[in-house]
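Structure record follows, encoded as structure tokens.
Here the structure is a predicted model, which means the values were calculated and not measured. The residues of the chain are indexed from 1 along the displayed sequence.
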Amino acid sequence: MKEKGILTEEEFMTQKSKLFDGVAPAGAKVPLKLDLPSSNPFDDEIREIIVRAGMLKAIMKYKEVKGVDLVTAKEYVESL
């Protein structure tokens with residue numbers, strides 16, 4: 001997203017930090033599902049995509065399904 005100009009360097013570093021703060025040590029089992037409260041099954045699906053494929057894939061899925069613009073999709077996915 002940084003390379004496409006969607007995120008500034010500062011936004012990229014902030015998001016990178018958020019993603020890697022909870023990274024498990026090498027060899028540790030990483031859960032496939034996040035233990036976060038959910039308001040609906042679609043949010044669970046988006047969280048699962050974040051875990052398995054990353055934020056960009058989750059944003060694109062949300063954008064596609066909900067028919068919203070990229071900024072709206074990004075903000076929503078980041079709010080999860």
Hphob cluster co-occupancy, Val71 + Ile59, side-chain heavy atoms under 4.5 angstrom: no
Lys61: side-chain contact (heavy atoms from CB on, under 4.5 Å) partners, not counting sequence neighbours: Glu45, Ile46, Ile49, Val65
Partner of Val77 under side chain to side chain contact (heavy atoms under 4.5 Å, CB included), chosen from Asp43, Thr72, Ile50: Ile50
Ring geometry between Tyr62 and Phe42 (parallel below 30°, tilted from 30 to 60°, perpendicular above 60°): tilted
Contacts of type side-chain hydrogen bond (donor to acceptor under 3.5 Å, both in side chains), residue Glu75, not counting sequence neighbours: none
CE on Met55 to CD on Glu78, rounded to 0.5 Å: 5.0 Å
